[in-house]
Amino acid sequence: MEAAARGNKKLQERVPIRRTAWRLADLAILFLLLALLLHCILHDSGAPWRRAALACEAWFTFMWLLNVNAKWSPVRFDTFPENLAERIDELPAVDMFVTTADPVLEPPLVTVNTVLSLLALDYPAAGEKLACYVSDDGCSPLTCYALREAARFATTWVPFCRRHGVAVRAPFRYFSSTPEFGPVDGKFLEDWTFMKSEYEKLVHRIEDADEPSLLRHGGGEFAEFLDVERGNHPTIIKVLWDNNRSRTGDGFPRLIYVSREKSPNLHHHYKAGAMNALTRVSALMTNAPFMLNLDCDMFVNNPRVVLHAMCLLLGFDDEISCAFVQTPQKFYGALKDDPFGNQLEVSLMKVGRGVAGLQGIFYCGTGCFHRRKVIYGMRTGREGTTGYSSNKELHSKFGSSNNLKESARDVIYGNLSTEPIVDISSCVDVAKEVAACNYEIGTCWGQEVGWVYGSLTEDVLTGQRIHAAGWRSTLMEIEPPAFMGCAPNGGPACLTQLKRWASGFLEILISRNNPILTTTFKSLQFRQCLAYLHSYVWPVRAPFELCYALLGPYCLLSNQSFLPKTSEDGFYIALALFIAYNTYMFMEFIECGQSARACWNNHRMQRITSASAWLLAFLTVILKTLGFSETVFEVTRKDKSTSDGDSNTDEPEPGRFTFDESTVFIPVTALAMLSVIAIAVGAWRVVLVTTEGLPGGPGISEFISCGWLVLCFMPLLRGLVGSGRYGIPWSIKMKACLLVAIFLLFCKRN
């Protein structure tokens with residue numbers, strides 16, 4: 001039991017958030033949706049386009065119910081790290097994982113800044129209790145070299161941060177501005193100038209390094225990288241810093257480089273496989289009961305973050321209440337008004353806090369603290385958590401390594417040694433065995449143990465497995481924010497990331513991991529199941545939203561209508577719904593401190609995403625299910641971190657949409673073109689063609705529908721006449737024109 005009440009000082013508090021007015025607004029919009037559905041049913045003419053509109057509106061009503069469920073009962077968790085003072089000696093160890101996969105898309109300097117921010121954390125006995133593991137799935141000697149140089153730089157950087165109470169401990173952010181020096185800050189000015197100079201030297205060494213010269217002149221340290229291929233190489237593990245062997249005493253956490261073995265004959269399971277390899281390697285080297293995982297571009301923004309996390313992990317009377325602690329994703333250098341709709345501020349505050357009030361926040365893949373025993377597949381029961389009793393069961397779960405089985409038994413039953421580890425380098429050989437590419441064969445890794453395989457969004461699926469075992473999770477919001485990352489900018493990067501997420505969600509939805517099945521046969525709560533569905537149906541929304549978006553152009557082109565006309569009572573229901581929904585969304589953004597422009601940008605990007613990334617994800621997964629293709633994990637490009645802040649003339653203008661030849665732009669470009677053509681044809685028919693006496697023609701509602709789409713798709717329309725990276729490539733234009741021609745032919749024949 002994690003007795004929070006040890007002493008009289010509480011470590012955390014769960015605070016419900018009142019939202020009475022918002023609940024009334026939720027119900028009002030639900031009433032309008034149901035009223036519109038009823039009107040459509042009662043006035044059903046039997047026309048195919050009317051039936052299609054009815055099906056889409058029924059889907060929108062279902063989506064609103066999922067939305068209401070996710071937002072209905074929000075909470076926040078307050079933490080009190082100052083109350084840990086009585087338990088300093090009892091604070092547990094933490095293993096910290098950083099993952100990187102491609103030295104080109106994820107430059108080593110980005111990873112280095114994240115690692116340096118971790119090495120400089122404020123935590124009692126950090127040199128003994130913290131260890132940082134970096135997984136390099138690119139098997140790059142450049143990344144290894146950069147981390148070795150970072151470890152050397154940390155011998156002066158970490159003391160500087162602690163001596164002067166530096167708030168942001170990622171050097172590229174800290175040195176991006178010059179602090180104001182007072183007349184008595186002579187020593188600080190001297191130290192600051194020295195550290196800035198040392199960091200600039202570090203940046204130049206890393207950026208000037210090249211792989212051939214490292215392999216030729218790097219000595220034996222890089223011999224293991226000779227003749228290796230990214231997808232075919234043995235395990236490489238290097239202890240880059242071991243505090244117990246240093247001469248500087250209690251300095252900073254251990255730093256270990258890990259590149260797991262890969263073979264072209266075995267699936268390596270992307271990031272989930274890398275996380276499982278890190279879990280096993282760390283179990284044999286440091287075996288901390290808690291683990292933190294970060295993406296390579298998510299640096300520590302609050303050096304006391306581990307203390308805040310311990311308030312939640314240790315602060316409940318029952319450990320079942322906190323299997324993992326998820327921090328919200330925040331972004332540095334965020335563009336004003338969120339032009340690409342990917343900063344997720346409102347989504348976090350509304351949906352995130354709402355889900356936190358159910359069985360717990362989802363696991364988002366980065367910025368998360370885990371209990372190792374939970375990752376090992378421990379379940380909850382009436383008498384607490386249940387472990388594995390026999391050696392045979394441990395073998396089937398964890399594999400053939402006796403050392404790994406023993407370390408797992410220690411974690412599960414709390415038999416962890418309090419003695420400091422003398423030399424982790426002695427564990428490298430046994431750690432390499434469990435990082436072998438064939439180690440997981442015949443075990444439960446990737447299924448019941450570790451990060452779960454079978455989806456591109458392995459993070460959310462792993463969190464669902466934990467919730468299905470009866471555990472709960474907590475959302476940790478602190479000031480300053482715990483971690484900061486970089487959000488992808490430009491059209492291709494944003495849509496690639498959203499396509500990957502949507503593909504992973506649909507893979508879960510159509511698999512045996514479907515949350516409905518998990519609720520039926522395991523311990524996932526019903527409302528938590530609905531909350532997961534709220535995210536998993538992202539790609540399923542695409543065909544419904546595309547169908548509804550096409551109904552406006554279809555009706556204008558074929559002289560039909562699918563929405564109530566001004567002479568019908570249903571028109572006022574639709575109008576009230578349109579106004580109420582957009583007002584609701586606008587007020588959410590205002591309450592969260594966002595601008596009206598940010599509200600519009602997010603609405604616009606949702607329409608663009610639905611007709612591009614989500615639609616392509618839907619088609620990709622369907623084709624994969626039918627055996628016609630395979631989903632591919634696409635790494636999102638990370639911005640390179642430097643200290644000088646010089647702008648790169650090759651970089652696109654911030655906030656402006658860019659394009660490439662990706663197929664993701666074809667359907668949304670076609671829809672943008674079609675909306676303009678439909679408005680032109682409809683207006684021509686109204687002005688120049690007599691339609692009196694022709695039944696069922698379009699009304700103002702269809703014009704508003706198409707006009708709204710034109711406004712939403714304005715970045716695509718600008719791209720049609722743009723040039724360079726700001727223009728849509730001709731190959732995309734031609735394919736979009738072909739789709740438009742097919743649709744026009746369809747309208748003419750009907």
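Note that these values count all heavy atoms, side chains included, but never hydrogens, waters or copies made by symmetry.
Put simply, the side chain of Lys432 does not reach to within 4.5 Å of the side chain of Val281, judged on heavy atoms. Arg169 places a side-chain heavy atom less than 4.5 Å from the side chain of Val166. Within the 4.5 Å cutoff, the side chain of Arg87 has heavy atoms near those of the Leu314 side chain. Tyr257 places none of its side-chain heavy atoms less than 4.5 Å from the side chain of Ile237. Counting heavy atoms from C-beta outward, Tyr376 and Thr279 have side chains that approach closer than 4.5 Å. At a threshold of 4.5 Å between non-hydrogen side-chain atoms, the residues Arg371 and Phe324 do not count as touching. Considering only heavy atoms from C-beta on, Gln326 stays 4.5 Å or farther from Thr474 through its side chain. Residues Ile256 and Val134 form no side-chain contact, since every pair of their non-hydrogen atoms from C-beta on lies 4.5 Å or further apart.
Looking at Asp102 and Arg230, a side-chain N of the basic residue comes within less than 4.0 Å of a carboxylate O on the acidic one, giving a salt bridge. A salt bridge is defined here as a Lys NZ or Arg NE, NH1 or NH2 lying under 4.0 Å from an Asp or Glu carboxylate O, and Glu221 with Lys238 fails to meet this definition. Under the 4.0 Å criterion applied to side-chain N and carboxylate O atoms, Arg216 and Asp210 are not assigned as salt-bridge partners. Look at Glu393 and Lys397 and you find no salt bridge, because none of the NZ, NE, NH1 or NH2 atoms lies under 4.0 Å from a carboxylate O. Salt bridge annotation for Glu448-Lys522: absent, with no cationic side-chain nitrogen under 4.0 angstrom from a carboxylate oxygen. A salt bridge between Arg304 and Asp122 is absent, with no side-chain N of the basic residue lying under 4.0 Å from a carboxylate O of the acidic one.
Nearest heavy-atom pair across Pro108 and Ile206 is CB-CG2, 4.3 Å. Across all non-hydrogen atoms, the minimal contact from Glu319 to Lys373 is OE2-NZ, 3.2 Å. Contact record, Ser407 with Asn287: O-ND2, 3.3 Å, taken as the closest heavy-atom pair. Listed here is the closest heavy atom pair of Cys311 and Leu11: CB-O, 3.2 Å. When all heavy atoms of Ala323 and Ile466 are compared, the closest pair comes out as CB-CG2, 3.6 Å. Nearest approach of Cys132 to Leu119, heavy atoms of both residues: CB-CD2, 4.2 Å.
Ring planes of Phe77 and Phe316: perpendicular class, angle over 60° (limits at 30 and 60°). Between Tyr145 and Phe222, the two ring planes are tilted [angle within 30° to 60°]. Using a 30° and 60° split on the angle between ring planes, Trp241 and Phe252 fall in the parallel class, below 30°.
With hydrogens and angles ignored, the 3.5 Å screen pairs no side-chain donor or acceptor of Lys129 with any backbone N or O of Tyr123. With Thr99 contributing its side chain and Ser135 its backbone, the two residues share no donor-acceptor pair below 3.5 Å. In this structure, Glu224 contributes its side chain and Ile236 its backbone to no donor-acceptor pair below 3.5 Å. The main-chain N or O of Trp471 is found under 3.5 Å from a side-chain atom of Gln359 such that the two form a donor-acceptor pair. Panel note: side chain Thr79, backbone Gln12; no donor-acceptor pair is recorded below 3.5 Å. In this structure, the side chain of Ser401 engages the main chain of Leu404 through a donor-acceptor pair within 3.5 Å. The backbone N or O of Pro480 sits less than 3.5 Å from a side-chain atom of Asn302, completing a donor-acceptor pair. Using a distance-only test at 3.5 Å, with no hydrogens or angles considered, a donor-acceptor pair links the side chain of Asp318 to the main chain of Ile320. Glu211 contributes no side-chain N or O that, together with a main-chain N or O of Pro141, makes up a donor-acceptor pair within less than 3.5 Å. No donor-acceptor distance shorter than 3.5 angstrom exists from the side chain of Thr235 to the backbone of Ser259, with no hydrogens or angles considered.
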With side-chain contact (heavy atoms from CB on, under 4.5 Å) as the test, would you mind laying out the steps for Cys368 and His370 before giving the verdict?
-> CA-CA 6 Å; Cys368 188; His370 303 269; 3.6 Å; yes
Check against side-chain contact (heavy atoms from CB on, under 4.5 Å), Leu118 and Leu292 | CA-CA 10 Å; Leu118 287 169; Leu292 162 66; 3.9 Å; yes
Could you go step by step and tell me if Tyr332 and Cys486 meet the side-chain contact (heavy atoms from CB on, under 4.5 Å) rule?
-> CA-CA 6 Å; Tyr332 65 86; Cys486 62; 3.5 Å; yes
Take Asp136 and Leu147 through the test side-chain contact (heavy atoms from CB on, under 4.5 Å) and record every step on the way to the result.
-> CA-CA 11 Å; Asp136 177 20; Leu147 291 171; over 6 Å; no
Ring pair (Phe, Tyr, Trp, His ring centres under 6.0 Å) assessment of Tyr199 paired with Phe172 = CA-CA 8 Å; Tyr199 177 64; Phe172 87 100; 8.1 Å; no
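Using a 3.5 Å distance cut-off with no hydrogens or angles, the side chains of Thr100 and Glu106 do pair a donor with an acceptor. With hydrogens and angles left out, the side-chain atoms of Asn113 and Tyr174 include no donor and acceptor closer than 3.5 Å. Tyr133 and Thr286 form a side-chain donor-acceptor contact under 3.5 Å, judged by distance and modelled atom types alone. Remark: the Ser400 side chain and the His395 side chain contain no N/O donor-acceptor pair separated by less than 3.5 Å. Judged purely by distance below 3.5 Å, without hydrogens or angles, the side chains of Trp451 and Tyr270 never pair a donor atom with an acceptor atom.
Checked against a 6.0 Å centroid threshold, the rings of Phe398 and Tyr439 do not count as neighbours. Ring to ring, Phe225 and His233 are not that close: their centroids are 6.0 angstrom or more apart. Taking the centre of each ring, Trp157 and Phe175 come in below the 6.0 Å mark.
A cation-pi contact links Arg280 to Trp445, judged by a cut-off of 6.0 Å to the six-membered ring centre and 45° from its axis.
Lys262 pairs by the salt bridge (Lys or Arg N to Asp or Glu O under 4.0 Å) definition with Asp137, not counting sequence neighbours. Take His269 and apply the ring pair (Phe, Tyr, Trp, His ring centres under 6.0 Å) test, not counting sequence neighbours, and it matches His267, Tyr453. Scanning for salt bridge (Lys or Arg N to Asp or Glu O under 4.0 Å) contacts around Asp95 gives Arg372, with sequence neighbours left out.
The CG atom of Leu116 sits 9.0 Å away from atom CG of Leu255, with the distance rounded to the nearest 0.5 Å. Here OG1 of Thr114 is found 8.0 Å from CZ of Phe299. Values are rounded to the nearest 0.5 Å. One distance of note links CG of Asp295 with OG1 of Thr366; it measures 4.0 Å at 0.5 Å rounding. Separation of atoms CD (Glu458) and CG (Leu461) is listed at 8.5 Å; rounding is to 0.5 Å. To the nearest 0.5 Å, atom CD of residue Glu440 and atom CD of residue Gln447 are 9.5 Å apart. The CG atom of Asp429 sits 11.5 Å away from atom CG of Asn403, with the distance rounded to the nearest 0.5 Å.
More than 12 heavy atoms of other residues, nucleotides or ligands shown are found within 6.0 angstrom of CG on Asp208. Applying the 6.0 Å contact sphere to CG of Asn438 captures more than 12 heavy atoms from other residues, nucleotides or ligands.
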